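Each remark here refers to the structure printed beneath this line.
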Amino acid sequence: MIFDFKAVNDPFGYGFIAMGVGIGVGLFGIFIDFLLSLMFKNKLTLNITELVMICLFLYSVWPN
């Protein structure tokens, strides 16, 4: 969003809304990471769990 600002800066103003949503999703991800780090003390289990969650998220939002 920062490096490709021309794609975000459209005449309808949806770019700034998209940036706000992107920042919100990022903060939500940091919060989920914090909660998972409290649940799983083993770093390998934590990393595998997060990798599976990221793969499932990308599979759900990836265009066909």
Side-chain angles (χ1 to χ4, degrees):
M1 289 184 283
I2 294 171
F3 298 116
D4 192 13
F5 187 72
K6 289 182 181 182
V8 175
N9 190 16
D10 62 348
F12 299 110
Y14 294 127
F16 291 110
I17 293 171
M19 287 178 66
V21 169
I23 291 170
V25 168
L27 290 175
F28 181 72
I30 291 172
F31 179 70
I32 293 297
D33 181 49
F34 175 70
L35 290 179
L36 286 174
S37 67
L38 292 177
M39 290 173 52
F40 299 110
K41 298 300 180 187
N42 187 359
K43 294 293 182 186
L44 182 65
T45 307
L46 175 66
N47 288 335
I48 290 173
T49 304
E50 289 179 346
L51 181 65
V52 168
M53 288 177 64
I54 290 170
C55 289
L56 290 173
F57 175 76
L58 288 176
Y59 179 75
S60 68
V61 298
W62 200 267
N64 291 331

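Given the structure is predicted, the values throughout are model-derived calculations rather than measurements. Excluded from the calculations below are hydrogen atoms, water molecules and symmetry mates; all remaining heavy atoms, backbone and side chain alike, are included. One-based numbering along the sequence shown.
- At a threshold of 4.5 Å between side-chain heavy atoms, the hydrophobic network of Ile, Leu, Val, Met, Phe, Trp and Tyr places Val61 and Ile23 in two separate groups.
- Note on residues 35-44: pairs passing side-chain hydrogen bond (donor to acceptor under 3.5 Å, both in side chains), not counting sequence neighbours, are Asn42-Thr45.
- To the nearest 0.5 Å, atom CG of residue Leu56 and atom CG of residue Leu51 are 9.5 Å apart.
- Contact of the Ile32 side chain with the Leu36 side chain is registered, since non-hydrogen atoms from C-beta on lie closer than 4.5 Å.
- Once rounded to the nearest 0.5 Å, the distance linking CD1 of Ile30 with CG of Leu35 reads 12.5 Å.
- Under a hydrophobic clustering in which Ile, Leu, Val, Met, Phe, Trp and Tyr are joined whenever their side-chain heavy atoms come within less than 4.5 Å, directly or via other members, Leu46 and Met39 fall into the same cluster.
- One hydrophobic cluster holds both Met53 and Phe40 under the rule that ILVMFWY side chains link at heavy-atom gaps under 4.5 Å.
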